[in-house]
Amino acid sequence: MNQDISTILYGKEQIQQEINRISAAISRDYEGKNPLLLCVLKGALIFLADIVRGVTIPMEIDFISISSYGSETVSSGKITERQKPLTNLKDRHIIIVEDIVDSGLSLQYLIEMIREDKPASIATCILLDKPEAHKTNIKIDYLGFSIGNDFVVGYGLDYAEKYRNLPFIGVLKEEIYS
Ligand code: PRP
């Protein structure tokens, strides 16, 4: 797998540093609020697992599944819902945990969908943001890294379901997907 990566953007230590910062901020901001961290499958699974281990206040987790990419490398903007959270979101403090914001359309769709369930608040916790690719206004409350338009994989992010298990975030060689 490693031979398919052109550049390693962030290694284990760098990722862990940002995770620690975000976990501490969530612990501080949500004291006494029992937040629900809503992991957007599948990409955010590893990010969520690391974040929650640094959170020091009572909290809960749940999962939601949507898809916008299929096996494409550029966001199609076509979003489908696959799985709803099992938890009742009404009056809860929701933190959406996503691996990446590209066009921002998935996150916008998610926020609108969650809002219908009348939660107490909605915040966003994003590992990677691609500001140049945004097609909508997105407010990110907790962010790991801001990156350019490269196609990145690893640490939960895939290309055609592969590379999620890489322990770092790297740029996929163009020849792999072109
Ligand atoms: C990725 C990512 C976001 C979305 C971002 O999901 O997790 O949900 O694409 O793109 P956007 O900002 O352009 O909408 P993907 O469909 O690849 O599913 P996965 O997490 O299961 O890999």
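Not measured: the values here are computed from a predicted model. Just so you know, ligand 1 is whichever comes first in the structure, and atom 1 is the first atom listed for that ligand.
The number of heavy atoms from other shown groups lying within 6.0 Å of CD (E174) does not exceed 12. For CG of N137, the number of neighbouring non-hydrogen atoms (other residues, nucleotides, ligands) closer than 6.0 Å is 12 at most.
Both the sub-6.0 Å distance and the 45° axial angle are not jointly satisfied by K162 relative to the ring of Y159.
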- Task: Please report the C-alpha distance between D4 and K173 in whole Å, then the side-chain angles of each, then the deciding distance to 0.1 Å, and finally whether the salt bridge (Lys or Arg N to Asp or Glu O under 4.0 Å) criterion is met.
- Result: CA-CA 6 Å; D4 298 347; K173 283 184 183 165; over 6 Å; no
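Residues H134 and D129 have side chains that bring a donor and an acceptor to within less than 3.5 angstrom of each other.
With a 4.0 Å cut-off on non-hydrogen atoms, D158 touches ligand 1 through its side chain and not its backbone. Heavy atoms of L41 found under 4.0 angstrom from ligand 1 belong exclusively to the backbone.
Listed by number with element, the atoms of ligand 1 under 4.0 angstrom from any heavy atom of R164 are 19 (P), 21 (O), 22 (O). Listed by number with element, the atoms of ligand 1 under 4.0 Å from a non-hydrogen atom of K42 are 19 (P), 20 (O), 21 (O). In summary, the atoms of ligand 1 found under 4.0 Å from a heavy atom of L105, numbered by their order in the structure, are 12 (O), 14 (O). For ligand 1, the atoms lying closer than 4.0 Å to a non-hydrogen atom of I100 are 2 (C), 3 (C), 5 (C). Near S103, meaning under 4.0 Å from one of its heavy atoms, ligand 1 places the atoms 11 (P), 12 (O), 13 (O), 14 (O). Of all atoms in ligand 1, numbered sequentially from 1 with element shown, those under 4.0 Å from a heavy atom of E98 are 2 (C), 3 (C), 7 (O), 8 (O).
For R115 and E112, the salt-bridge test fails: no basic side-chain N is under 4.0 Å from an acidic carboxylate O. Under 4.0 Å is where a charged nitrogen must lie from a carboxylate oxygen, and between K130 and D102 at least one such pair does.
Here's the thing with I66: none of its N/O atoms is less than 3.5 angstrom from an N/O atom of ligand 1. Residue D99 has at least one nitrogen or oxygen atom sitting less than 3.5 Å from a nitrogen or oxygen atom of ligand 1, judged on distance alone. Looking at G43 next to ligand 1, an N or O pair under 3.5 Å apart turns up.
When A160, A44, S106 are ranked by how near their heavy atoms come to atom 14 (O) of ligand 1, first place goes to S106. The closest heavy-atom contact to atom 12 (O) of ligand 1, among the options G104, A133, G156, comes from G104.
Partner S121 forms a side-chain hydrogen bond (donor to acceptor under 3.5 Å, both in side chains) with one of R92, K33, H93 and no other, that one being H93.
Ring centers of F168 and Y155: at least 6.0 Å apart, outside the cut-off.
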